[in-house]
Amino acid sequence: MKRDLEKVRNIGISAHIDSGKTTLTERILYYTRRIHAIHEVRGKDGVGATMDSMELEKERGITIQSAATYCSWKDHDINIIDTPGHVDFTIEVERALRVLDGAVLILCSVGGVQSQSITVNRQMTRYKVPRIAFVNKCDRTGANPYRVTQQIRDKLELNAVMLQIPIGLESDMEGVVDLISMKAVYFDGEQGDDVRYEEIPAELREEAEEKREELLDAVSMFSDELMEAMLEEEEISEDMIHEAIRRGTLSLEFAPVMIGSAYKNKGVQPLLDAVNRYLPSPTEIENTAYDLDNDEAEVVVSNNPDDPLVALAFKLEDGRYGQLTYIRTYQGTLRKGDTIVNSRTGKKVKVGRLVRLHANEMEEIEEAGSGDIVALFGIDCASGDTFCAPGLNWSMSSMHVPAPVISLAIRPVDNKAQDNMSKALNRFCKEDPTFRSYVDQETNETIISGMGELHLEVYIERMKREYNAEVEVGAPQVAYRETITQRAEFDYTHKKQTGGSGQYGRVAGYMEPLEEGEYEFVDEIVGGVIPREFISSCDKGFQKSLAKGTLIGAPITGVRVVINDGAAHSVDSSDVAFQQAAVGAFRQGYAKASPVIMEPIMKVAVEGPSEFQGAIMGSLNQRRGMIVGTFEEGNYTVVEAEMPLAEMFGYSTTLRSLTQGKAEFTMEFATYKQVPKSIADELIKAYEEQKKEK
Amino acid sequence: MGYEPLVTQNPLRVLNIGRNNRQMGLVMARAGLGKTALLVQIALDSILRGNRVIHVSIGESIDKARVWYDDILGFILQEHSVDRPHELIEMVKQHRMIMTFKESSFSRARLEERLNDLVLQDIFKPDCLVVDGFDFETTDRASMEDLKDLVDSMSLQAWFTAICHRADRRVSPTGVPAPCHEVDDLFDTVILLKPGKDNINLEIIRNNSEQDTSGVSLNLDPTTMMVKQG
C-alpha cells in the first residue's frame, strides 16, 4: 500500500506548561478513534492521560518526554509529537521540532502568551516550523481569546488572525462561529462527538461579518485569485480562502488562530480540520542533510519513497521490550528485514520489529514510507544518529545542543544501586545530549550535569523509579570556567637529564584572549626551530592544560595560543618532552595573563501580578541580578533580568513566599560572565582549602 | 572611564544638554523619521557621561527597545575605536533599564510607583528618563504638568518623543506643532525632525530655554540614523 505523502502530517503540540497540551492531545486521540475513553491529566480515576506515559509525569501532572503517536483524521495520517512545556527540557522540544513539519501552539485564553510560549515560538522560528495557534481553555473565568490573539501579534510577532469567534465565553461557551463557512459550530453529545452546524445566532451576525472582513483582508495578499475576487466583488469560495490561508501559513507569514476548550470538548474537530488543511505535508518542507563522503556538502533530501533511505533517530526510550528508537524517515522506505547503516558509527544494523506508536500501545507494521514517524526495536544508537541505506553516507544536520550549566555529585546508597545507577546514567546520556555524567578523577564522585535544577531532579527521580537506583545527592555546583583577560608572553624550556636519553624542549610565544570560541592554536614557527612533528605535541600540551585552571580548577576557555619560537635537541627532544614544555609554557603565560573566573549567567523572566513588581525586583537585585527591563500590561507584569546561576538555587521557594505563590519564573542559559572580585576571592579560598584537605 | 572622546566628539554637544537636571526635552517628528533613534542617542550620551537612564517605552516590547540600543551602540563603536568594547557594552547595560507599558497602563501614578520601587530599594537610581511613545493627543495640560512635577521632584532630566501629523496645522507662537502646541512651554529643549533632500534635519526650536543661535545645523544620516553635523 503506497501512502499518499500529501496526506501525511507530522505535527507537534507545544506550549506553556499547564495550558492543556496533554488534554488536547487526549481529545484528538479520542476523536480520531485511537482511544475509546478520555482520561484527564490529573484524573480522578487514577489512570492519567494516555500521552503521559511515565509515572513521574502522571504524578507531577507535567509531560516530560515527548511521546510520538499516530492517528488519522478524514483520510489524513497525522503523527503527533507531544512536547514538554518546561524550559529545563527545551532540548526535548528542540529535538521534536527538528522532525516536525508543522505545529499547533497552544495558549491559555486566560494566561495568554507567557514567557515559555515565547521561548517555544522562538525555537519554532529557528526551525522554520509553520504553526497554527489554538487558544484553549475558553471555558475558564477570565477567558479572552481576542486579547490572546493580540498578544500573539505583539509578543510573538506573528501575523495572527482568528478564523473563528466564540459563541459565549467562560461557562457560557457553547461553540464557535466559523468565519470561512459562516456557520455556527456546536459540539453535542457527552464527549462532544457530534459536530452540528447551524445558522449564526443573530446577535453575533454583525461581529462575524466584521471579523470575516478582517480575515479576508489579511489573507488576500497570499492569493491573487482571492484578491481579484474581492476587488471584483465576486463570489468568494471557501476553497479560495483555505488555499490563501494555507499559503500564508506555509510561508510563515500568517498564523491562523483557532479557539476552543479541549477540556469541555469544544473546537477540537475544527482544529484537526485546520491541521489537515493548513499545515504542510512532508513534501512541502525542504530538509537538508550533509553528505559525509563529499566534504559535508549540503544536500536536499528528496522525500521520494523510492530513493535510498535517509532517516533520523530523534528519540530513545527504554521500554518493556528493550530500547525503542523513534525515527523519522526523510526519503526512501524503511522495511522490516532491511539492512541500514548508522552513518555516525558506520555500523550496519538489521531492521527487526517496526512499530507505529500510540503512547503506551503499539501497532506492528511492515514498512514506513518517506516522511513517516515510527519506532524500531533493538537498535543500538544514540539520539541524533542518522541511518541510511548502504552506499549512502549522509547525516542530518546536527542539532543545536547547549552546554550544561549546573552539576551535582551523586552517590549510590549501596552496591545494588551502584549497578543500576550506571545503567540509568548510560541510558540518560544517550537519550538526552544536554545531560552528561562523568566520574571526577580526584574525588571519585559521580557527577551529573544538565540545564537546570529541575532537569537534574527529574533524572534523579527517574533513576529511583525506573532503575531502582537510590542515590544521595550533593549540593548543586555551578559550572564555572576560567579565562584570561590580557595578552602574556611565555618562554619555557623543559629539560631533564636522568641518565640515558633525556628530555628537552623549548616553547616560546604568547597567549591572548579569544572573543569567540574556546581555544585556538596558531603555529608561527619559522625555520623549523621546533620540528614539524612536534608542533602537534605542543598543541596537545596546551589542550591538556586547559582542562584545569590554576585559580579554582575549572576548565579554561577563550584562549588563543600562538607559538613563534623554540628549540629542540636532536636526541633528547620527543613528543612527551614538547607536551611537557607546552604545559610549562602555558602555566607560565597563564599566571601573567590576568586569569579570571567566569560564571554562567541565566536569562530569567519572572511573571506575576503588578502589585509584587517591587518585591520581585528587590529579590532579583539581592541575588546579584541585573534587571534588564520590565513589562507591564494591566495588572500583570514581567521582569526580565540577567542572573548568575549560582544565586538562583532555591529561588522558586523565595518567589513563592514573596508573592503568595502568584508569580512564576523561567530561566535559560544566556552567557558566561566574569565573577565579581569578592566572590572570586571566596571561590579561590574555598578551592585552596579543599586542596589542602587532600 | 576613557570614553570622553565619545562624549566630547558627539555632535549632540551643540545642544546644551547635561548642564543641569530637572530639564525637559522634546523630540518631535512625523512617523518614521527617527525619533526613537535620536532619543536613544540622547540616552546613550547620558550613559556615557556616567548617568543612569530609564528608558520608558509605551506600547513596545523590551526586546525592541534593547535592539535600538544594540544597533546605535554598534554604530558608535564602528565610528570610534574603544579599547575594550565589551566593557563598554556591559557598562551601558548596567546603566540602563527598560520599562515598557501597555498604552492603557501608563500613568504618572504607575510610573512614580515603579520609580520608587527602584529608588527606595536602592536597585537603580536614575538620573535621566527617556519616554518613547507617550500619547500627547489624549493628554491634557494638567497631566503634563503633573509629569513635569514628578520629574522635578525626583530631580531627573527627561526627554519625550511626540508624533506630529502633516494634516494638523496647529502650531504654538514659538513654532512648536500640534499635538504639543499647548504644552510646549513646559519643555526647555524642543527639536523637530524634518525631512531634507538627502537627510533628515534637526530643527532646534529651543535649546535649553534659549532660542537657538549657534548657527550649527545637525542632521540624521538616513541609513544609520546617527546625528551628524551638517
Side-chain angles (χ1 to χ4, degrees), chain A residues 112-113 115 118-119 121-122 147 150-151 153-157 483 485-486 513-516 558 594 596 598 601 603 605 607 609-642 670-674 676, chain B residues 40 43 52-70 77 82-107 109-126 129-130 132-133:
Chain A
V113 174
S115 56
I118 296 173
T119 311
N121 185 60
R122 199 166 51 225
R147 186 177 60 102
Q150 191 55 44
Q151 285 182 347
R153 302 182 69 91
D154 294 345
K155 293 194 195 168
L156 303 184
E157 295 176 7
T483 192
T485 55
Q486 65 181 49
L514 183 63
E515 293 267 335
E516 308 242 321
S594 306
V596 292
M598 309 279 281
I601 301 291
K603 188 179 161 196
E607 314 177 351
S610 295
E611 58 196 285
F612 297 117
Q613 187 173 316
I616 291 169
M617 287 198 293
S619 70
L620 293 172
N621 192 53
Q622 270 171 15
R623 291 170 179 252
R624 291 200 282 127
M626 189 181 79
I627 294 163
V628 176
T630 60
F631 170 83
E632 207 163 330
E633 185 193 347
N635 288 318
Y636 165 84
T637 177
V638 182
V639 181
E640 267 185 34
E642 289 184 1
T671 183
Y672 266 90
K673 248 188 219 170
Q674 190 178 333
Chain B
V40 169
R52 287 175 191 272
V53 174
I54 287 187
H55 180 106
V56 175
S57 178
I58 300 165
E60 289 284 9
S61 66
I62 301 177
D63 274 331
K64 277 212 175 129
R66 185 163 44 201
V67 167
W68 269 112
Y69 282 84
D70 292 349
L77 288 171
V82 171
D83 271 350
R84 292 182 179 171
H86 279 264
E87 277 179 19
L88 175 61
I89 292 168
E90 200 51 38
M91 193 277 280
V92 168
K93 268 190 186 172
Q94 280 166 1
H95 285 71
R96 171 202 73 201
M97 183 170 295
I98 299 165
M99 259 184 206
T100 60
F101 292 88
K102 270 273 145 183
E103 284 87 345
S104 53
S105 56
F106 182 82
S107 65
R110 264 288 159 84
L111 181 64
E112 185 170 10
E113 198 183 318
R114 290 295 155 254
L115 293 176
N116 280 332
D117 276 345
L118 294 173
V119 174
L120 297 179
Q121 293 188 86
D122 207 16
I123 297 171
F124 193 91
K125 166 97 186 58
L129 187 71
V130 299
D132 196 20

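By convention in this document, chain letters (A, B, ...) are assigned in the order of the sequence lines, proteins followed by strands, and residues within each chain are numbered from 1.
Only the side chain of A:Glu642 comes within contact range of chain B, judged by heavy atoms closer than 4.5 Å. The part of B:His86 that comes within reach of chain A is its side chain, from C-beta onward, which places non-hydrogen atoms under 4.5 angstrom from that chain. Contact of B:Glu90 with chain A is made through the side chain alone, with heavy-atom distances under 4.5 Å. Neither the backbone nor the side chain of B:Asn116 comes within contact range of chain A; no heavy atoms are under 4.5 Å apart.
One finds the CD atom of A:Gln151 at 7.5 Å from the NZ atom of B:Lys102 (value rounded to the nearest 0.5 Å). If you take CG on B:Leu118 and CD on A:Gln613, they are separated by 8.0 Å, rounding to the nearest 0.5 Å. The line from CD of B:Glu113 to OG of A:Ser610 is 8.5 Å long, rounded to the nearest 0.5 Å.
Checked against ring-ring contact (aromatic ring centres under 6.0 Å, His included), A:Phe612 has no partners two or more places apart in sequence or in another chain.
A pairwise comparison of heavy atoms in A:Met617 and B:Asp117 identifies CE-CB, 3.9 Å as the closest pair. Here the closest non-hydrogen pair linking B:Asp122 and A:Asn621 is O-ND2, 3.9 Å.
Each of B:Phe101, B:Phe124, B:Phe106 has some count of heavy-atom pairs under 4.5 Å with chain A, and the biggest count is that of B:Phe101. Across B:Met99, B:Gln94, B:Arg96, B:Arg114, the residue that shares the most heavy-atom pairs under 4.5 angstrom with chain A is B:Arg114.
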Please tabulate, one pair per line, all N/O donor-acceptor pairs under 3.5 Å involving side-chain atoms of residues 58-67 of chain B, not counting sequence neighbours.
residue: B:Ser61; atom: OG; partner: B:Lys64; partner atom: N; Å: 3.2
residue: B:Asp63; atom: OD1; partner: B:Arg66; partner atom: NH2; Å: 2.1

